[in-house]
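A short worksheet on the structure shown next.
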Amino acid sequence: MEAYAHFRLDRQAIPCSKATMLTYEYTLGAFLRWVAREHPEVRRFEDLDVVVVRHFRAEMAERPGLHGKTPTPETLSGADRSMRTCFRWAVAEGYPVAPRILQMPKVRVPWKEPTLFHIKQLCSIMSVAAEAGEQLVSARPAGGLARNA
């Protein structure tokens, strides 16, 4: 699609970081290759509708990645952000984009407990455990933590 080529040029002129450009190439490139293969009738953004985008998102969520696992919610969210950025750019540049594509819900990423603590956080956790009379964690010389049984 011509709009994607213009999007890349615009992003290079900003300039975006190399990592961001690679992310766009990976996610948007995969999307456009999929569209060309699965929906050859779609040649421009104005031919694209929300059903096609939903179908791609659903297939991307189920398709195993490089390591044979389905993508994590964080990976799916990153791809979704790249696509949204491109679609918003297209609208700002005057390319017709179906409004429902821009209104699609974002990919949900569940909140996770932190696995890495700042030293102050770790000291606080350990002092609470000590006050309770239990040793919940111990620091390892290699920098890791071990749970005591």
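Scanning both residues, Pro73 and Val109, for their nearest heavy atoms gives O-CG2, 3.7 Å. Of all heavy-atom pairs between Val53 and Met83, the closest is CG1-CE, 3.9 Å. Nearest heavy atom pair, residue Thr27 against residue Ser82, reads OG1-CB, 3.2 Å. Shown here for Pro105 and Arg57, the closest heavy-atom pair between the two residues is O-NH2, 2.9 Å. Taking both residues in full, the closest heavy atoms of Ala3 and Tyr95 are given as CB-CE2, 3.7 Å, listed atom of the first, atom of the second, then distance. A pairwise comparison of heavy atoms in Met60 and Pro71 identifies O-CG, 3.3 Å as the closest pair.
With sequence neighbours excluded, the residues forming a side chain to side chain contact (heavy atoms under 4.5 Å, CB included) with Lys106 are Asp80, Arg84, listed by chain and number.
Put simply, the side chain of Arg11 reaches to within 4.5 Å of the side chain of Thr85, judged on heavy atoms. Between Val35 and Phe56, every side-chain heavy-atom pair lies at or beyond the 4.5 Å cut-off. Looking only at side-chain heavy atoms (C-beta outward), Arg54 and Met104 come within less than 4.5 Å of each other.
Checking Ser77 against Arg81 by side-chain atom types alone, a donor-acceptor pair falls below 3.5 Å. Thr23 and Thr20 form no side-chain donor-acceptor contact under 3.5 Å, judged by distance and modelled atom types alone. Side-chain atoms of Thr72 and Thr75 form a donor-acceptor pair, as typed in the model, at a separation below 3.5 Å.
Of the residues Phe31, Trp89, Phe7, the one that meets the ring pair (Phe, Tyr, Trp, His ring centres under 6.0 Å) test with Tyr24 is Phe7. Test Val51, Leu48, Val52 against Ile101 for side chain to side chain contact (heavy atoms under 4.5 Å, CB included) and you get one pass: Leu48.
In this structure, NE2 in His6 is found 12.0 Å from SG in Cys86, a value given to the nearest 0.5 Å.
Residue-environment remark: CZ (Arg37) exceeds the threshold of 12 foreign heavy atoms within 6.0 Å. Summarising the local packing, CZ of Arg63 is surrounded by more than 12 heavy atoms from other residues, nucleotides or ligands at distances under 6.0 Å.
Of the possible donor and acceptor atoms, one in the side chain of His118 sits under 3.5 Å from a partner among the backbone N and O of Lys120.
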### Query
Stepwise, does the side-chain contact (heavy atoms from CB on, under 4.5 Å) test hold for His55 with Glu59?
CA-CA 6 Å; His55 187 198; Glu59 190 172 306; 4.0 Å; yes
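Residues Leu32 and Val91 are members of one and the same hydrophobic cluster, defined by side-chain heavy-atom contacts under 4.5 angstrom among Ile, Leu, Val, Met, Phe, Trp and Tyr. Placement of Tyr26 and Leu76 in two distinct hydrophobic clusters is found when ILVMFWY residues are connected by side-chain heavy-atom separations under 4.5 Å, directly or transitively.
Side-chain rings of Phe45 and Phe87 approach one another, their centers coming within less than 6.0 Å.
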